[in-house]
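A short write-up of the structure that comes next.
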Amino acid sequence: MRLRFAPSPTGYLHVGGARTALYNWLLARQSGGSFILRIEDTDLSRSTEEAIEAIMTDLRWLGLDWDEGPDAGGEHWPYRQTGRYALYHEAALRLLREGHAYRCFCSPEELKERREAALREGRNPMYDRRCRSIPEGEAQRLEEEGRPYALRFRVPEEGETAVRDLIRGEVVFRNREIEDFVLLRNDGTPTYNLAVVVDDIDMRITHVVRGDDHLSNTPKQLLIYHALGKEPPAFAHLPMIVGTDGKPLSKRHGDVAVGYYREAGFLPEAMINFLALLGWSLDDSTTIMDRETLVANFGLERVSSKPAVWDTDKLYWMNAQYIMAMDEEGLAEAIRPFLVREGLLAEGDEEGMERLRHAVPLIRERIKVLADAVPLLAFLFREVETAEDSREFLEGDENRAVLREAGKRLLELERFDAESIESALRAMVEGMGLKPRKAFQPIRVAVTGSKVSPPLFESMELLGRERCLQRIARALEGSERRGSRVR
RNA sequence: GGCGCAUUAGUCUAGUUGGCCUAGGACGCCGCCCUCUCAAGGCGGAGAUCGCGGGUUCGAAUCCCGCAUGCGCUACCA
C-alpha cells in the first residue's frame, strides 16, 4: 500500500489533520507500504514556508515518519505541487486534446455575477456550460488572439459516478449534478482536483484516506481518472472532528493546534492513542494502546462514520496514564525542558537534575501534563514565596507553636530522611494533642510555600535539613511579626 | 436552491448477519473508603425511551419509508 498525507500549508497542523495523517501512517506501517508527505500548495496566496516547517515539526513530534517527502527525497521530489506544474499541464493538454476538456473564456467576474444572480433567484448556481459548445476552431482562434481562458472538464451529461468508499460503502452521484469544473485557471495554475489526481497517479497512491469534506469532490476526481484511462485508488473518507457545538473545529474551540499540546506537556504517545480512538475502536473495552498495538490492529472497517467532538477531558486522563507508566529517568528527562523554560533549572545543572530524578516519584501521579510539574517542584529549585491562598496556615498562636516545635525536633534528628522526619513530627503532633491534618499544614506551607505539595516528609528530605529549618524559621519570624502587630 | 454524509448518555465509543441489549466499556460527574495537602488507588452511584414518526416482524438500536436537525460540497480554495 502507498498512502499519503497531503496538507495545504496555510497554517499549523491541527488535530484533525494529525488524525488523518495518523490513519494513513498506521495503514502504511501495518502493510509494510509507504507513507508519503506531499504539500498541496497550489494556492500560492495562502501557502507559506513556515507552515510547511511547522507541519513537519509536528508530524515528527508525533512520530509519524514519512518515507518520501519534501525533505526526504524520493522519485517524485519535490513533493509539493508548485514544483510539479509540468505534469499537470501535460495531463491537462491531453484531456483537451482528447476532448475531455475545453477552453472557457468566461471571466471570473462574470461567472461570479451569474452565480450570485442564480442564487438570488433560487436557481442552481452551476456553471451553465456556455463555452462547452464553442467549436474547436473558434476556441483555438480566441486562444491565439491572446484571450485568457480556463480549462474546464467536460462532465458527461448522462450516467452516474459511484464512489466506493471503504468507510461508507457506495455513494452515487448523478453526472448531471456535477458541474464542468475548472482544471487549469486562466493563469495556467492547476486546481486542486486536477493536481491531486495527477499526483496520486504519478505517485502510485493505492489508498486515499482523507477528510469527509472531500467526499463530494471525489466523483470529479473519478471522472478525471477515467478520462485519463487510469485505475483510481481506493477511497476512505473520515468523519470530521468538530467542536463541542458541532461546528467545524476552529480557534474558537480553544486549542486545536498540535503544537499547543506539545508545549503543554502532552506526550506524543498519549496524543497518538487519543487521536486513534477518535473515530476508531479496537473492541468494546480497550482504551490504552501503544503504537505497536495500533499498527497491528488498525483497520478502516472499524472507523466510525459519525463526526467526533474534540473534547480534551479524556486526553488529560490518558496523558496521566502514560506519565504514570514512564520510568523515573525518562520522566525526569521529559520534565527537564519545562523547568528550564521557567528558569528553575539551568541547562547543564547535574546536581539539580539529580534532585529532579528523586522528586519524580513524588509527583508522578499528581500531574496530568508535564507542565504541571513546574508549580509542584518549584520549591526545590528556588526560595519560596508563600502563596496568597496559603498564608492563613502560618497565622495564629497554634500554627506558630507547631512551627517552633517542629524546628526544634528537626534540629535534634540524627538522620534527616523521610522516615525519621515523619516519626519525629508525628510524635510531636501527638504530644501537642493536635490532629495531623491540622499540624502538618503550617509546616507544608512554610517549606513549600503552598498548601498543596508533594508528600511532605519526602519533600523535606529532598530539600535538606538546612533549607527546611531556614524556611520554617523564616515563616515563623514573619508570622510573629504580623501577630505582634495585630496585638 | 441542488447533491451528498451523519444522527446510541455531557464526551469517545461497543453493538458487523434483528432475539444472549433488563443497551457494554472508557472519560467526566456525584458519594464513600484510604489519607499530612493534592493526587493516585479501591468501592458504589446517577446518567441513553438508541434524533423523531411510521412500517416490516412473534421480536428492531439493528431492515424499509418519511421527517427533522447538523455538517460537507456546490470557487479560476484545498
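Proteins come first, then strands; the chains are lettered A, B, ... in the order of their sequence lines, and each starts at number 1.
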Using the [atom1] atom as the point on both nucleotides, what is the distance between [M] and [N], in whole Å?
N	M	atom1	answer
B/G66	B/C76	C1'	40 Å
B/C52	B/A68	P	16 Å
B/C5	B/C64	P	13 Å
B/G24	B/A61	C1'	13 Å

Find the partner of [N]: check Watson-Crick (N1-N3 plus N6-O4 or O6-N4) and G-U wobble (N1-O2, O6-N3) distances, both under 3.5 Å, and reply none if neither fits.
N	result
B/C36	none
B/U7	B/A68
B/A48	none
B/G1	B/U74
B/C43	B/G31

A/Ser390 (side chain) donor-acceptor with A/Thr386 (main chain) under 3.5 angstrom: no
Check the distance between B/C73's P and A/Asn217's CG and give it to me in whole angstrom. 8 Å
What is the separation between atom CZ on A/Phe379 and atom P on B/C38, rounded to the nearest whole Å?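 In whole Å, B/C38 P lies 16 Å from A/Phe379 CZ.
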Nucleotide N/O of nucleotides 61-71 of chain B paired with protein N/O under 3.5 Å:
unit_1, atom_1, unit_2, atom_2, d
B/C71, OP1, A/Lys247, NZ, 2.8

Would a line drawn from the ring center of A/Phe440 to the ring center of A/Phe457 be shorter than 6.0 Å?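 Yes, the ring centres sit under 6.0 Å apart.
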Near-ring test A/His207/A/Tyr23, centroid separation under 6.0 angstrom: no
[X] side chain near [N] phosphate (N/O to OP1/OP2, under 4.0 Å):
X	N	answer
A/Lys306	B/U8	yes
A/Arg46	B/A78	no
A/Ser281	B/A14	yes
A/Arg152	B/C76	yes
A/Arg302	B/G15	yes
A/Lys220	B/C73	no
A/Thr42	B/A78	yes

Option from A/Lys220, A/Arg130, A/Arg132 for which salt bridge (charged side-chain N to carboxylate O under 4.0 Å, His left out) with A/Asp180 holds: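 Checked A/Lys220, A/Arg130, A/Arg132 against A/Asp180; only one passes salt bridge (charged side-chain N to carboxylate O under 4.0 Å, His left out): A/Arg132.
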Among A/Leu223, A/Leu183, A/Leu95, the one residue meeting side chain to side chain contact (heavy atoms under 4.5 Å, CB included) with A/His100: A/Leu95
Enclosure of A/Glu430 CD (heavy-atom neighbours >12, cutoff 6.0 Å): no
Inspect the surroundings of CD in A/Glu419 and state if more than 12 heavy atoms from other residues, nucleotides or ligands are less than 6.0 Å away.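 For A/Glu419, atom CD is not crowded (no more than 12 foreign heavy atoms under 6.0 Å).
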At 4.0 Å (heavy atoms only), tell me whether A/Leu277 reaches a base, stays on the sugar-phosphate, or touches nothing. sugar-phosphate
What I want to check is whether an N or O donor and acceptor connect the side chain of [X] with the base of [N] at under 3.5 Å.
X	N	result
A/Asp212	B/G72	no
A/Ser216	B/G72	yes
A/Arg444	B/C36	yes

